[in-house]
There are 2 protein chains.
Amino acid sequence: MDKRPDPIGFGFFAFVKMNIFRIKSSYMFSKASQYAIKAIIYIWMKSLQDSKAGAKEIGSEIDAPEAFTAKILQQLSRAKLIGSVKGPNGGFYADESHTNKTLKDVVRAVDGDSLFTGCSLGLNKCSEKNPCPLHFEIVGIRQKLDQMLTNKSIKHLAVEVIKGETNIKRILQVNK
Amino acid sequence: MDKRPDPIGFGFFAFVKMNIFRIKSSYMFSKASQYAIKAIIYIWMKSLQDSKAGAKEIGSEIDAPEAFTAKILQQLSRAKLIGSVKGPNGGFYADESHTNKTLKDVVRAVDGDSLFTGCSLGLNKCSEKNPCPLHFEIVGIRQKLDQMLTNKSIKHLAVEVIKGETNIKRILQVNK
DNA sequence: AAATTAAAGGATAATTTTGTCCTTATATGG
DNA sequence: CCATATAAGGACAAAATTATCCTTTAATTT
């Protein structure tokens, strides 16, 4: 390989990747959770139409890497948030037994519950009695988030999506 | 080094670190933001007592890795959220020019603003007109978070902390 | 002016999260 | 029973985030 020092400054491209200029992601949910939510809504939509969905199909439809999606589906399956069957005509599905599963169940299965229980500043002894500077401010917001995620069943979400719009692709906004 | 295959199954310890059993962090803010918030509150507390704080001191007081804290302080300084002076008796400080800086400024300086503007499912075309399944649910919560972070000036927070308790260590809960 | 002190910044390492590939297990249809 | 399709899982790779170390720059003190 050519190990000569970069002659005309293409190191510039490394430059833009440097700390200073890198933009972080930092959403409310991890990517894994985002994929999980999209996937499980999609599965419910299929199940409401009496069909299963395979990992590949799901990954492609929700615009998530297929192999990674498969891993996440395993987690959801282990957590009993969805069912799965192997073999021909197999795939992932949801039924009555999953009717009451909520967004919170999904997020917890994938990300654990530090989002709901941990101190927002990462302090391990934060509590009502010994609150961090943001404690009381954050608690209220987090409670709202928690309630919202707890109140929304996945099935309900899927039904809403179907009612409002039949084109899955558009609703999940997977196209660019 | 001993490269023999693990004879009595201490691979178990690798095992517990495997995907399945690993617990994610996944807080509202990144670690960098958490450190930034703790650091800047600490700096304000010191400044309100007319003294500067060095990177080492700050890192140790807020229970964050010192070198990493130094990096974050650089970012805060570049973003004009704090001031810095080099040399003997130097350090980081905050003054009138920083009075109106808010928690939101801090989070944005460190994490960018995907937390505030990005779709919670990571979809790039999510909007009022073309909403993702969580859009309207999340928007309200995020707005509350945004408002809270916008309304709280760091200075105000530091004052509150000082009023409530003089022991910095305890308030920031750096012990255990 | 020189020595010293502390921030600024570069390079690199460790860890975590995200992502891929390949093998194994298992259900279904023929 | 056999072939096939698909989930489950292991091993590994890439990327992002977190963390450390060392050199350079610039104030302050002497």
Side-chain angles (χ1 to χ4, degrees), chain A residues 11 14-27 29-36 39 43 51-60 62-79 82-93 110-112 114 122, chain B residues 11 14-27 29-36 39 43 51-60 62-79 82-93 110-112 114 122:
Chain A
F15 180 67
V16 295
K17 279 210 65 179
M18 275 169 44
N19 292 337
I20 304 177
F21 297 99
R22 261 245 312 295
I23 294 163
K24 284 201 196 179
S25 54
S26 162
Y27 291 97
F29 310 120
S30 72
K31 241 150 201 310
S33 270
Q34 293 180 354
Y35 297 155
I43 290 168
S51 70
K52 300 196 197 68
K56 264 190 189 171
E57 174 191 343
I58 297 173
S60 127
I62 69 173
D63 199 31
E66 298 179 2
F68 191 46
T69 303
K71 290 291 184 202
I72 293 166
L73 292 169
Q74 282 177 34
Q75 296 187 61
L76 297 179
S77 175
R78 272 196 299 264
I82 53 177
S84 71
V85 281
K86 294 178 178 179
N89 245 313
F92 298 91
Y93 64 91
V110 175
D111 280 351
S114 49
Chain B
F15 180 67
V16 295
K17 279 211 64 180
M18 275 170 45
N19 292 337
I20 303 176
F21 297 99
R22 260 246 311 296
I23 294 161
K24 284 202 196 178
S25 54
S26 161
Y27 291 97
F29 310 119
S30 72
K31 241 148 200 311
S33 271
Q34 294 180 354
Y35 296 156
I43 291 168
S51 70
K52 299 196 199 70
K56 266 191 189 171
E57 175 192 344
I58 297 172
S60 126
I62 68 173
D63 199 31
E66 299 179 0
F68 191 45
T69 303
K71 290 291 184 203
I72 293 165
L73 292 169
Q74 282 177 34
Q75 297 187 60
L76 297 180
S77 175
R78 273 195 300 263
I82 53 178
S84 71
V85 280
K86 294 180 179 178
N89 246 313
F92 298 92
Y93 65 90
V110 175
D111 279 351
S114 47

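Proteins come first, then strands; the chains are lettered A, B, ... in the order of their sequence lines, and each starts at number 1. What you are looking at is a predicted structure, and each value in this text was computed from that prediction instead of being measured.
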> Looking for any heavy atom pair under 4.0 Å, which part of the strands does A53(A) touch: base, sugar-phosphate only, or nothing?
Replying inline: sugar-phosphate
>> Under the rule for side chain to side chain contact (heavy atoms under 4.5 Å, CB included), what residues qualify as partners of A79(B), not counting sequence neighbours?
In response: L81(B), A109(B)
> Would you say S84(B) reaches dA8(C)'s phosphate, i.e. side-chain N/O to OP1/OP2 under 4.0 Å?
Replying inline: yes
> Can you check whether R78(A) has a side-chain N or O nearer than 4.0 Å to OP1 or OP2 of dG9(D)?
Replying inline: yes
> Which pair of non-hydrogen atoms, one from T69(B) and one from G59(B), has the smallest distance, and what is that distance?
Replying inline: OG1-CA, 3.8 Å
> How would you list, by chain and number, every residue that makes a side chain to side chain contact (heavy atoms under 4.5 Å, CB included) with E57(B), sequence neighbours excluded?
Replying inline: Y42(B), K46(B), A53(B), E61(B)
>> Output the rounded distance in Å from CG (L73(A)) to C1' (dG9(D)).
In response: 14 Å
> Can you give one letter per nucleotide of nucleotides 21-27 of chain C, going 5' to 3': B for a protein heavy atom under 4.0 Å from the base, S for sugar-phosphate only, - for none?
Replying inline: ----BBB
> Listed by chain and number, what are the ring pair (Phe, Tyr, Trp, His ring centres under 6.0 Å) partners of F29(B), not counting sequence neighbours?
Replying inline: none
> When you match G90(A) and S33(A) each to their closest nucleotide on DNA chain C, which lands nearer the 5' end?
Replying inline: S33(A)
> Tell me: CD1 of I72(B) to P of dG9(C), nearest whole Å?
Replying inline: 15 Å
> Is the distance from OP1 or OP2 of dA19(D) to the nearest side-chain N or O of Y35(B) less than 4.0 Å?
Replying inline: yes
>> So, using ring pair (Phe, Tyr, Trp, His ring centres under 6.0 Å) as the criterion, who are the partners of F68(A) when residues are at least two apart?
In response: Y35(A)
>> Holding to side chain to side chain contact (heavy atoms under 4.5 Å, CB included), I want the full list of residues that pass it with A39(A), two or more places apart in sequence or in another chain.
In response: I58(A), I62(A), L73(A)
> How close or far is atom C1' of dT16(C) from atom CG of D111(A), stated in whole angstroms?
Replying inline: 13 Å
> To the nearest Å, how far apart are F68(A) CZ and dA16(D) C1'?
Replying inline: 12 Å
> Roughly, in whole Å, what's the span from CD in Q75(B) to P in dT18(D)?
Replying inline: 10 Å
>> Rounding to an integer number of Å, can you tell me how far F92(A) CZ sits from dA5(D) P?
In response: 17 Å
>> Once rounded to the nearest 0.5 Å, what's the spacing between atom CG of D111(B) and atom NZ of K31(B)?
In response: 12.5 Å
> Taking CG from L76(A) and P from dA8(D), how many angstroms apart are they, rounded to a whole number?
Replying inline: 10 Å
> Expressed in angstrom and rounded to an integer, what is the separation of E66(B) atom CD from dA6(C) atom C1'?
Replying inline: 13 Å
> For S77(A) and dA7(D), is the shortest distance between a side-chain N/O and OP1 or OP2 below 4.0 Å?
Replying inline: no
